[in-house]
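To start, the structure under review is shown below, and the notes come after it.
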Amino acid sequence: MKVAFRTFGCQMNINDTEAMMGVLSKAGHEIAASEEEADAVIVNTCAVRAKSEDKLYGKLGQLKAVKKRKKRLLVGVCGCVAEKNALELLTHKEVDFVFGTRAITRVDELLGRAESGERFIEMGDFIDELDSDTPRIRTSMHHAWITIIFGCNKFCSYCIVPYTRGREKSRNMNDILSEARGLAENGYREITYLGQNVDSYGKDLEDGSSLAKLIRETTEINGIERIWFLTSYPRDFSDELIDVIASSEKVSRAIHLPVQSGSNRVLKDMNRGYTREYYLDLIGRVKNKIKGASLSTDLIIGFPGETEKEYEETVSLVKEVRFERVNLAMYSPREGTLSAKKMEDDVPPEVKTKRLNDLLAIQKHINREENEKYLNETIDVIGEGKVKGNGKIYGRTINNKIVIYEAEPDLIGQPVKIRIERVSAGPLYGVLVR
């Protein structure tokens, strides 16, 4: 059977899709590039924001039209929206089966059930079956995602993830290292360790495992030149982890620490478990110990009850820290979360929009100023892919700066030195140093 995938959302969804493609390919199926040539389509979904969820329903509308043109097309839905809206999804005639985030290793079996004519929901927990032996079809030839912990225990008041991804469950450290070694043997230079809260890795294993120890062991693997990790939680970002990052040039200097708000009142209502002061102290320790650290964050604008003064507290935090990247989102209530149940979404849309746009302008100015320090510098870059439209290549530095330069495609995945000749508020632009 030819199976096409459409994946929305985070890197963990991408990694889940890679595993499902691997499982199906091993079972004899063919991975199709488009819905038109496929016998089945599996849509891997994201529910973190309303806009993310809307992408699924837009795709279902497109697949409904495809189904009308074809005699037979099976449609499966998985991921976070599948967990959140399973019963509702099966009311859509174009959907044949729905399965949860922890049933991805059973995708071949589920496809067979759907092919026999069964319409069903599968929410079983088979996540322990996902290990280093699970076949995967990677989306890159030099960089690989490795999920090390599933689920989240934090229950931030606005977040649907603990309900769609379940409780935290860590993989065995030796199994993770086995996967990393296998990747290195196959020519992969970069890996990214993934988790909804990657810093919680190992706590449930109760055998001394931790993210810091995992990264330290990974630095010893020959061939792995860069180690990234996502997503961190400020409350769990340990001094041991800071020391490990500082001790090895292989570990990314890009530290993503979502703060969400600069207001203590808002942070408390978000159930984030830390204060503005705690966060700023952590940032100070990171900057003090990790040379060349590049900080990024997530912010929610217009959380219920956010006053102008509280918004300005967020602005002042952004100006003080001087992040090199900020992911901004306007608050949208997610059905089933505490904030949706207990808090009125009372910040008017036009106020949210103004605050977001104003903060975007401030951050753009900071980005430009921070990028000026790279001008005329020669920096190390690993090529990542082609830039659409102009034949150039883009790559990343160890602190996650995007660099665009002219080079042959065979240098994708290769470490090179680039002299920066122009900067912007976004990418850096340079020339290859031979």
Side-chain angles (χ1 to χ4, degrees), residues 1-21 24 31-101 103-104 107 110-111 114 119-123 139 145 158-161 163-165 196 298 300-302 327-337 340 345 349-350 352-353 356-357 360 388-389:
M1 185 180 292
K2 293 183 178 180
V3 186
F5 282 84
R6 290 298 171 262
T7 304
F8 303 118
C10 68
Q11 295 89 347
M12 288 191 72
N13 274 14
I14 295 171
N15 194 218
D16 286 349
T17 293
E18 290 177 335
M20 287 189 285
M21 289 194 298
L24 289 176
I31 306 304
S34 70
E35 291 99 342
E36 292 290 349
E37 65 181 86
D39 305 305
V41 177
I42 295 175
V43 187
N44 194 353
T45 62
C46 175
V48 70
R49 295 189 180 91
K51 187 176 180 181
S52 304
E53 192 170 324
D54 289 343
K55 291 180 180 179
L56 163 65
Y57 293 100
K59 175 55 67 177
L60 290 183
Q62 294 171 13
L63 291 174
K64 187 175 182 179
V66 175
K67 272 197 165 189
K68 286 181 178 179
R69 295 194 298 271
K70 301 184 72 168
K71 288 183 178 180
R72 180 69 169 149
L73 178 69
L74 295 174
V75 174
V77 179
C78 63
C80 290
V81 182
E83 291 273 0
K84 176 175 173 282
N85 296 345
L87 290 172
E88 185 268 336
L89 283 169
L90 214 57
T91 66
H92 292 251
K93 291 182 179 180
E94 61 270 25
V95 176
D96 297 286
F97 63 111
V98 179
F99 59 107
T101 56
I104 60 173
V107 63
L110 303 179
L111 196 58
R119 297 186 77 237
F120 62 91
I121 295 169
E122 175 56 78
M123 291 294 160
T139 53
W145 311 105
Y158 55 84
C159 187
I160 195 69
V161 169
Y163 305 97
T164 59
R165 285 276 179 179
Q196 258 76 33
D298 297 340
I300 296 174
I301 304 302
N327 300 323
L328 288 171
M330 289 188 288
Y331 171 78
S332 60
R334 307 308 294 127
E335 184 183 357
T337 62
D345 183 17
E350 63 272 18
K352 289 181 186 178
T353 300
L356 184 138
N357 288 335
L360 274 174
K388 292 181 180 178

Would you mind telling me which of T45, V43, L56 makes a side-chain contact (heavy atoms from CB on, under 4.5 Å) with L89?
-> L56
Contacts of E36 meeting salt bridge (charged side-chain N to carboxylate O under 4.0 Å, His left out) (sequence neighbours excluded), chain-then-number -> R69
Under 4.0 Å between a Lys/Arg side-chain N and an Asp/Glu carboxylate O for D16 and R165?
-> yes
Ignoring hydrogens and geometry, is there a side-chain-to-backbone donor-acceptor pair from T101 to T164 under 3.5 Å?
-> yes
Check whether any side-chain N or O of K70 sits under 3.5 Å from a backbone N or O of A38 as a donor-acceptor pair, and report yes or no.
-> yes
More than 12 heavy atoms from other groups under 6.0 Å of NZ on K67 = yes
Without swapping roles, check the side chain of D96 against the backbone of A114 for a donor-acceptor pair under 3.5 Å.
-> no
Kindly write out the residues that satisfy ring pair (Phe, Tyr, Trp, His ring centres under 6.0 Å) with F99, not counting sequence neighbours, or none if the list is empty.
-> F97
Kindly say whether A47 contributes a backbone atom to a donor-acceptor pair with the side chain of R334 at under 3.5 angstrom?
-> yes
pair D345-K352: side-chain heavy atoms closer than 4.5 Å | yes
D39 side chain vs M1 backbone, donor-acceptor pair below 3.5 Å = no
Just one of K2, K64, R6 clears the salt bridge (Lys or Arg N to Asp or Glu O under 4.0 Å) bar with E35, so which one?
-> R6
Sequence neighbours left out, what passes ring pair (Phe, Tyr, Trp, His ring centres under 6.0 Å) with F8? Give chain and number order.
-> none
Answer yes or no: are there more than 12 heavy-atom neighbours, outside E335 itself, under 6.0 Å from its atom CD?
-> no
For V95 and R119, which heavy atoms make the closest approach, and how far apart are they?
-> O-NH2, 2.6 Å
What heavy-atom pair brings A86 and M123 nearest, and what distance separates the two atoms?
-> CB-CE, 3.6 Å
Heavy-atom pair with the smallest gap, counting every atom of A40 and L73 | N-CD1, 3.8 Å
